[in-house]
Novice: 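Before I ask anything, let me first share the structure, which is written out below as structure tokens.
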Amino acid sequence: MTMRATQTAKELDIYCAQLEAAGLDAPWSRPGPLIPPKPTAAQVHLWRWREIEPLLRESSDFLSLHRGAERRVLRLRNPGVPERTAAHSLVVALQYLLPGEVAPAHRHSPSAIRFMLRGEGAYTTVDGQRCAMQPGDLVVTPSMAWHDHGNTGAQPVIWMDILDWQVVRFLENLTYEAYPEDRQAEISSPGPDLFHPWSEAYAALLSLAEKESDPFDDVLLEYTDSVSGGSLRPTVGCYLQMLRSGMQTRAHSESSCAVYHVISGNGFTTVNDDRLEWEAGDFFVVPPMARHAHANTGSEPALLFSAQDRPLLKAVGLYRAEPSL
Ligand code: GTQ
Ligand code: FE2
């Protein structure tokens, strides 16, 4: 704080009271830097499928979708994030539906992306377009699109939800509406624009693997929007990645944040000073600017799916990646 000798502390107090009454603030009247540093809330964290799965299956003992409940989900909760989400920018949940169940139609301003994990017979309807989801399939639900989900199979189904909800909330644009009538969203033909089948994504990954390898990610493929050719959402991008057997990538840090899901394989990811040993079904978070490198310790290629806020950071001119020395 810099004060001229003629001004006493009492005069400053009076001045600050006048500022407050006028709806103004003098940051120099308090100690500390002009732009105080903010520690990253999201922490490095690993969620194990062998812990998640039994708890998810047990959740149907507590919540019935026939009694007005909307979604049977368990959210990944990052210990550092007060909003109980996987990261400050990314909401990730596991959704569980029993045979014959329907999760009723609604719409909201946050966008969602579903990545199918387990079971046969799941569908999601997006603005009247019904998409059947097999494991590995991805479906985009854009902002304000009506959507419901169902399970026409004989076994429970599990998928991963990714939402940009925290970003929307920060921008004071959160809206939500239940479907006006007590019925499911109307069904028309499947929506190819929003549907990304596993067969196509995996084939594209294999063909990329023949052409190039990235020192930090081995083989990394971004899902692209079928219409714009850009990221799936302006706020969230999704990636499919292959680490070949014995691969140990170089470490780097990125200003974006990532939530990974292990589709198959065994390995570990070092994130700053943590070593996350992962296997199929596990999830982990790499916070912004955390130094990270991946290793495949198995004999088969490891496949990782990730959701990242990279497109948003790029859009606002904040994306950067730095190799670690
Ligand atoms: O399935 O529509 O995990 O609206 C959170 C909010 C899933 C959904 C979530 C949602 C949904
Ligand atoms: Fe929803």
Side-chain angles (χ1 to χ4, degrees), residues 47 52-53 55-57 59-60 62-78 81 83-98 100-119 121-133 135 137-152 156-171 173-187 191 194-196 232-233 235-236 238 259 261 283 285 305-307 309:
W47 293 264
I52 297 170
E53 192 184 11
L55 291 168
L56 189 59
R57 294 188 186 278
S59 67
S60 60
F62 298 95
L63 181 74
S64 165
L65 289 180
H66 300 300
R67 286 194 220 111
E70 284 196 270
R71 298 293 186 262
R72 189 187 294 112
V73 293
L74 293 183
R75 249 181 247 160
L76 300 184
R77 179 184 177 184
N78 190 298
V81 176
E83 292 79 16
R84 299 175 174 238
T85 57
H88 54 288
S89 55
L90 298 162
V91 177
V92 176
L94 286 318
Q95 190 156 164
Y96 185 60
L97 273 188
L98 299 176
E101 280 188 323
V102 172
H106 68 194
R107 67 176 182 174
H108 37 69
S109 52
S111 299
I113 296 167
R114 331 257 168 220
F115 185 72
M116 193 65 206
L117 299 181
R118 299 282 188 278
Y123 68 84
T124 185
T125 312
V126 184
D127 265 344
Q129 302 187 322
R130 185 161 168 165
C131 303
M133 299 189 288
D137 292 347
L138 182 152
V139 179
V140 177
T141 306
S143 178
M144 295 316 284
W146 293 108
H147 55 283
D148 66 10
H149 319 296
N151 178 2
T152 61
V157 292
I158 301 173
W159 68 81
M160 174 182 179
D161 292 316
I162 300 137
L163 291 104
D164 59 5
W165 169 6
Q166 291 304 309
V167 175
V168 174
R169 188 170 165 272
F170 176 77
L171 296 173
N173 270 253
L174 198 57
T175 65
Y176 162 86
E177 258 177 278
Y179 196 63
E181 286 156 65
D182 185 24
R183 59 184 165 100
Q184 297 170 39
E186 279 153 33
I187 292 164
L194 304 169
F195 183 61
H196 299 260
L232 287 182
R233 308 303 310 147
T235 43
V236 188
C238 289
V259 180
H261 166 70
F283 295 83
V285 167
F305 173 85
S306 64
D309 60 10

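Order of appearance sets the numbers: ligands from 1, and atoms from 1 within every ligand.
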Novice: Taking the Fe ion (ligand 2) as the vertex, measure the angle between atom NE2 in H147 and atom NE2 in H108; round to 10°.
Specialist: 90°
Novice: With a 4.0 Å cut-off on heavy atoms, is R114 in contact with ligand 1?
Specialist: yes
Novice: Write down the atom of P156, the atom of L98, and the distance for their closest heavy-atom approach.
Specialist: CG-CD2, 4.1 Å
Novice: Indicate, as side chain, backbone, both or neither, the part of E70 found under 4.0 angstrom from ligand 1 when only non-hydrogen atoms are considered.
Specialist: neither
Novice: Please say whether more than 12 non-hydrogen atoms of neighbouring residues, nucleotides or ligands are located less than 6.0 Å from CZ in R84.
Specialist: no
Novice: On a heavy-atom basis, which atom in I52 and which in L76 lie closest, and how many Å separate them?
Specialist: CD1-CD2, 4.3 Å
Novice: Short list, please: which atoms of ligand 1 are under 4.0 Å from a heavy atom of V73?
Specialist: 3 (O)
Novice: Walk me through it: do E53 and R118 pass the test salt bridge (charged side-chain N to carboxylate O under 4.0 Å, His left out)?
Specialist: CA-CA 10 Å; E53 192 184 11; R118 299 282 188 278; 5.1 Å; no
Novice: Quick check: closest heavy atoms across T85 and V91, and the distance to 0.1 Å?
Specialist: CG2-CG2, 3.7 Å
Novice: Under 4.0 Å from a heavy atom of A93: which atoms of ligand 1 are those, numbered in the order shown and with their elements?
Specialist: 3 (O)
Novice: What protein heavy atom is closest to atom 5 (C) of ligand 1, reported as residue, atom name and distance in Å?
Specialist: L163 CD1, 3.7 Å
Novice: First locate atom CZ of F305, then atom CG of L117, and finally report the distance between them rounded to the nearest 0.5 Å.
Specialist: 9.0 Å
Novice: For atom 1 (O) of ligand 1, what is the closest protein heavy atom, and at what distance to 0.1 Å?
Specialist: H149 NE2, 2.6 Å
Novice: Of V139, D137, I113, L232, which is the lone residue that meets side chain to side chain contact (heavy atoms under 4.5 Å, CB included) with H196?
Specialist: L232
Novice: Check each of R72, R71, M160, H108 against atom 8 (C) of ligand 1 and report the one with the nearest heavy atom.
Specialist: R71
Novice: Among protein heavy atoms, which sits nearest to atom 9 (C) of ligand 1, and what does the distance come to when rounded to 0.1 Å?
Specialist: D161 OD2, 3.5 Å
